[in-house]
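Keep in mind the model is a prediction, meaning the values are calculated, not measured.
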Amino acid sequence: MSTKIKIWGYLRVIIIAVIALYVYHISRLTLFPVIPSGDDMIFHIYACIYQNFTTYLFLDSQYPNFIHVICHITTGQNILHAILFFKLFNFTVALLPILLLLYELRSTEPRYAIPLALAIWLYGIRYLQTLSDGTIFNIFAFAMYISANILLLHRHYFYAGLVSGLALIHYYGIVYIITLIPAVFLIRATRRFILGLLIGLLPSFHKWVHLVFAVLHHGEAVSGVAKLPEWTLQNYLSYAFTPFTYWGEGAFYIYIAVIVILIIRNRGITNKNILLSLSPALNIITALILPIIPLQSVAVVTLIYRIFRFLPLVIILMIILLLQANTYRRYDKIIVMLLVVALIVGITTNLTATPQGLYRIDYNAFYALLSLKQEICEGGVLAVGGTTNYMQIICPDTVVLYPPDILAQMSPYDPQVTLVRQVLAQFENGTIHGYRWLIVQGPIPGQWYDPAIKPFVKSLEKKMYGLGNITYIIYNSGVPIYIVRIR
């Protein structure tokens, strides 16, 4: 067997191994727990069950979106079916961009493709962290962006536009579309792409109309204004490439060097594939420029976080597009050496850094609460935010209580914030009116919570005995859930 055949065999094995690792970790975060990982998932499941087509059309918010409506229609408002819907949706959406990147590597020179395939794993930690947080529609927009680039590469311009329009299901998807348009114009695919884009945008068009009017009339309330931490470019790069050390951004500079060398040494510089690499290039440039612009918008800073979380995979996408443009397939030792160095950086910083996941309730506790649904959902429910948000799935009228420190970070225009402040004032007076049940649970060991949650729960545990009688106690991963019937 020749050496060349052996190397191609190694590439296939590595690609299969990387797919297997992602399948396991994505399954661990989506399919295995009773509710997919992340606090956001509780809201998405709630929206699927309890928010209908009318809410989708007229609510002045990006949620519920058309995915929630599809879930609402197909699951018949069944709690367990809605959870299953999002388990499968999250798993599929999260795996899609990884499969697309690895698929494109199958025909790339193995000396390039092997370190890139390994890098897709080693630098995908923040991608998995986003899935762990439950922000699935950020991942959906990114998956559509990767799909659009691959479809443009293979000259499926209409479908590239279609998935780009679907990326606008989330407001942050606009960044991806802006970076795609110049490449589409340069390769003269504008007409078909725009047609697909408009069709893909249709389910979300009215949401963008609502956003424009909201920004024009209530700009500060929409964007969120607060004193922000001082962030530097190096902080963001470390945030993107490694969760534990502050030298992981070295991989970024190595990858940039690889891109520069590929452009300089590639003879097919006018090839359409070179133009296609413009989109990820603009994405990278946007990521580098935004942190140095003075900003006071929490919404924009959150956008920067999301861009940087996906930045390693965008850089790998750009290298893949440039390698596809190399019709001579010339073996370049400099490029291979740099990719190997980037790989070593990844091994030393990210190899064991896989996100644990945010799991707020176990199977036994969830099914125990479901069995009490008919009883405890009558008369109004109060639940501790951060630890018992899952009550919103079981009892749709649950009011989630947050400590004052967290309320101060929320929009003062939110009616729920006003309601929670009124309820907390009743707690201080020692009497609760208009609610029959109080659900209190402390933090689960090993899980992340806002630092303000633990003392807030402690204070409620002291007050609950004077507010009513503990009717049920259910254990959630060893932590008691107190179900208090308010007097």
Side-chain angles (χ1 to χ4, degrees), residues 96-105 107-108 112 116 120 138-201 204 208 252 255-256 258-290 303-304 306-308 310-327:
L96 177 61
I98 305 302
L99 292 178
L100 288 173
L101 291 173
L102 291 170
Y103 178 79
E104 288 304 317
L105 283 178
S107 57
T108 303
Y112 303 137
L116 284 171
I120 288 173
N138 282 290
I139 293 178
F140 181 86
F142 180 70
M144 295 302 101
Y145 172 69
I146 296 291
S147 301
N149 278 277
I150 301 301
L151 288 166
L152 287 174
L153 174 65
H154 295 288
R155 302 181 182 181
H156 299 303
Y157 303 136
F158 171 80
Y159 294 108
L162 185 66
V163 297
S164 297
L166 293 177
L168 293 171
I169 192 174
H170 195 282
Y171 292 154
Y172 292 164
I174 190 66
V175 175
Y176 300 127
I177 307 307
I178 290 172
T179 65
L180 275 168
I181 293 298
V184 171
F185 177 77
L186 289 172
I187 63 174
R188 299 180 181 180
T190 310
R191 182 178 298 178
R192 281 174 286 175
F193 180 89
I194 295 298
L195 177 61
L197 177 68
L198 292 175
I199 294 174
L201 175 62
S204 306
W208 284 93
F252 171 81
Y255 279 125
I256 295 301
V258 172
I259 292 168
V260 171
I261 293 172
L262 277 168
I263 292 174
I264 292 172
R265 296 175 71 90
N266 196 307
R267 297 176 188 176
I269 195 68
T270 59
N271 191 286
K272 281 188 177 181
N273 299 40
I274 295 291
L275 298 177
L276 290 172
S277 67
L278 179 62
S279 176
L282 291 174
N283 192 299
I284 296 166
I285 291 169
T286 302
L288 296 177
I289 290 176
L290 284 177
L303 168 61
I304 299 174
R306 299 306 179 201
I307 291 176
F308 270 85
F310 300 145
L311 186 60
L313 295 181
V314 172
I315 293 172
I316 292 170
L317 168 67
M318 183 174 182
I319 295 174
I320 290 172
L321 293 175
L322 288 169
L323 288 170
Q324 293 287 345
N326 190 348
T327 55

List the atom pairs, donor and acceptor, that lie under 3.5 Å between side-chain atoms in residues 160-170 and the rest of the protein, sequence neighbours left out.
unit_1: Ser164; atom_1: OG; unit_2: Ala160; atom_2: O; d: 2.7
unit_1: His170; atom_1: ND1; unit_2: Tyr172; atom_2: N; d: 3.0

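- Once rounded to the nearest 0.5 Å, the distance linking CD1 of Ile146 with CD1 of Ile139 reads 12.0 Å.
- Side chains of His154 and Glu104 form a contact here, defined as non-hydrogen atoms less than 4.5 Å apart.
- Distance CG/Leu276 to CZ/Arg155: 9.0 Å, rounded to 0.5 Å.
- Pairs engaging residues 310-322 under the side-chain hydrogen bond (donor to acceptor under 3.5 Å, both in side chains) rule: none recorded [sequence neighbours left out].
- You'll find the side chain of Phe193 stays beyond 4.5 Å of the side chain of Thr190, heavy atoms only.
- Annotation: side chain to side chain contact (heavy atoms under 4.5 Å, CB included) contacts of Pro280 (sequence neighbours excluded): Tyr145, Asn149, Val314, Leu317, Met318, Leu321.
- Here the straight-line distance linking atom CD1 of Ile319 with atom CD1 of Ile261 works out to 10.5 Å at 0.5 Å rounding.
- Expressed to the nearest 0.5 Å, how far CG of Leu322 lies from OG1 of Thr108 amounts to 11.5 Å.
- Using a 4.5 Å cut-off on side-chain heavy atoms (C-beta onward), Leu195 and Tyr157 make no contact.
- Partners of Leu186 according to the side chain to side chain contact (heavy atoms under 4.5 Å, CB included) rule, which considers only residues two or more places apart in sequence or in another chain, are Leu275, Leu278.
- Shown here are the side chain to side chain contact (heavy atoms under 4.5 Å, CB included) partners of Leu96, two or more places apart in sequence or in another chain: Leu100, Ala143, Met144, Ser147.
- With sequence neighbours excluded, the residues that form a ring-ring contact (aromatic ring centres under 6.0 Å, His included) with Phe310 are Tyr127, Phe142.
- A distance of 5.0 Å separates CG of Leu152 from CD1 of Ile187, quoted to the nearest 0.5 Å.
- Closest approach of Leu116 to Leu323, counting heavy atoms only: CD1-CD1, 3.6 Å.
- With sequence neighbours left out, the side chain to side chain contact (heavy atoms under 4.5 Å, CB included) criterion links Ile256 to Phe252, Ile259, Val260, Ile284.
- In this structure, Tyr176 OH and Thr286 OG1 are separated by 10.5 Å, a value rounded to the nearest 0.5 Å.
- Not counting sequence neighbours, the partners of Tyr171 by the ring-ring contact (aromatic ring centres under 6.0 Å, His included) test are Trp208.
- The side chain to side chain donor-acceptor pair (under 3.5 Å) check on Thr179 picks up Ser279, with sequence neighbours excluded.
- The closest side-chain heavy-atom distance from Leu105 to Ile120 is below 4.5 Å.
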